[in-house]
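Working notes for the structure below.
Each ligand, and each atom within it, is numbered from 1 in the order the structure gives. Atoms considered below: every heavy atom in the structure, side chains included; atoms not considered: hydrogens, waters and symmetry mates. Predicted, not measured: the structure shown is a model, and the values here were computed from it.
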Amino acid sequence: MLKRSDFPQGFLFGAATAAYQIEGHSFGGAGPTHWDTFAAGPGNVVRAEDGAVACDHYHRYESDLDLLKDAGMDAYRFSTSWARVMPDGVTVNPEGLDFYDRLTDAILERGLKPFQTLYHWEMPSALADLGGWTNPDIAHRFGDYVDVITDKIGDRMHSIATLNEPWCVAYLSHFLGHHAPGLRDIRAASRAMHNVMKAHGVGMTRLRAKGKKNCGIVLNFEYPQAADDTPAALAATKRQEAIYNRWFIQAATKGTYPEEALEGFGPHMPANWQDDMAEISQPMDFLGVNYYTRSIITAAPDAPWPHVGAVSGPLDKTQMGWEVYPDGLRDVLLMLKSDYVGDLPVFITENGMAWDDTVENGAVFDPQRSSYIAGHLEAMLEAVAAGVNLQGFFYWSLLDNYEWAFGYEKRFGLIHVDFETQKRTPKASYYDFKAAIAR
Ligand code: IFM
């Protein structure tokens, strides 16, 4: 595995988590979210598991942060939950604010830089009842939450991202139906695709009004590759790329949406959406990039728009069935530099793999994960050599946790969690990563 010294001076290494996936949402007065109700519906989540207890990080955050510090990490990417801060989407929960206050101090006490994400998917149920991301007013409700949490902890954040993975928030959740609220509706999806970016714009405005620096967004990217060079497969790949890889970054940096995606969403967009594009594309200080895999795209003429299918690739796969393809990370970073962000600071805010890890004699042997990390570090360094202003890498995830529709079955952590006892066992990859980033 490459070493810290191979990377530019000041390059940050850390790990990432998200509130609902680790905290234990039943503690501390958090309100119900659309994930609680989605998980309670038939067939949505493996074993109908939810985030009620998760990793019990709400009570164990001090020892979890010790594990980050002991690994020699520089930074911690975490998220704050809207529904913990404002359980009904409006009223403030002082207990929730106090938790994030304590957490922030505990991060700083360990010499870690706090990288906050404001929305990693906890839509309060009361706002979901009003249409959630399809409601034209949701961006302003989000802005109110941004004000409240920023007034409490914003003074101590190193960096603030408005949203995590708007593609998942909008498309995966409102068009493909795999995440809460589980819709398969092009009209709802079109509205969510825009309103989530409007929330980014309003969030940026609220942060800037408070003088916040180091503000940006976290987007997910896949490396889309046509299964063959037929015009139909190439056109399907372009549509997939437009929806997945270009919609959000193009809105955030240029104030436009790609034509290939507007083909389908255009007739269903909210009225006067164009009026929001200037606020959406206001300058950011960084881009967070989440990257896991490539997708091999086929044309699916009989499926509804965007007429896209996918086939399994030949390379090694993770427990999620995702192909391990580090070159795609390098190429996505080069595409972002040339087409959208230029020299803007970029962080890899998520990259990692799930494996069916087990504890044997008190240890977890996971060479697949160490080699996944090693391959992606190489790809990052190639991007740096090609001029990408890459400034840090966060492994996803610190802990095994609630993997949304897959419940607790998929283990992404550097640290194994026994969900019966809450015992933490650092995996071999944790020690390999620690050795690589040692000073
Ligand atoms: O667990 C998720 C995370 O919440 C968002 N990015 C992808 C991860 C792995 O699926």
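- Interface of Trp404 with ligand 1, defined as ligand atoms under 4.0 Å from a residue heavy atom, comprises 1 (O), 2 (C), 3 (C), 4 (O).
- Between Glu350 and Tyr292, the side chains place a donor N or O and an acceptor N or O closer than 3.5 Å (distance only, hydrogens not considered).
- For the pair Ile217 and Pro166, the minimum side-chain heavy-atom distance is below 4.5 Å.
- In terms of polar-atom proximity, defined here as any N/O pair under 3.5 Å, Trp322 makes no such contact with ligand 1.
- Within ligand 1, the atoms closer than 4.0 Å to a non-hydrogen atom of Glu403 are 1 (O), 2 (C), 9 (C), 10 (O), numbered from 1 in the order shown.
- Side-chain atoms of Leu333 and Val346, non-hydrogen and from C-beta on, do get closer than 4.5 Å to each other.
- Contact annotation: His120 has at least one heavy atom less than 4.0 Å from an atom of ligand 1.
- Ion pairing between Arg330 and Asp327 holds under the 4.0 Å rule for side-chain N and carboxylate O.
- By the 4.5 Å heavy-atom criterion applied to side chains, Leu172 and Trp167 are counted as neighbours.
- Under 4.0 Å from ligand 1, the heavy atoms of Asn164 that appear belong solely to its side chain.
- Here the protein heavy atom with the shortest distance to atom 6 (N) of ligand 1 is Glu350 OE1, 2.5 Å.
- Contact annotation: for Gln21 versus ligand 1, heavy atoms closer than 4.0 Å belong to the side chain alone.
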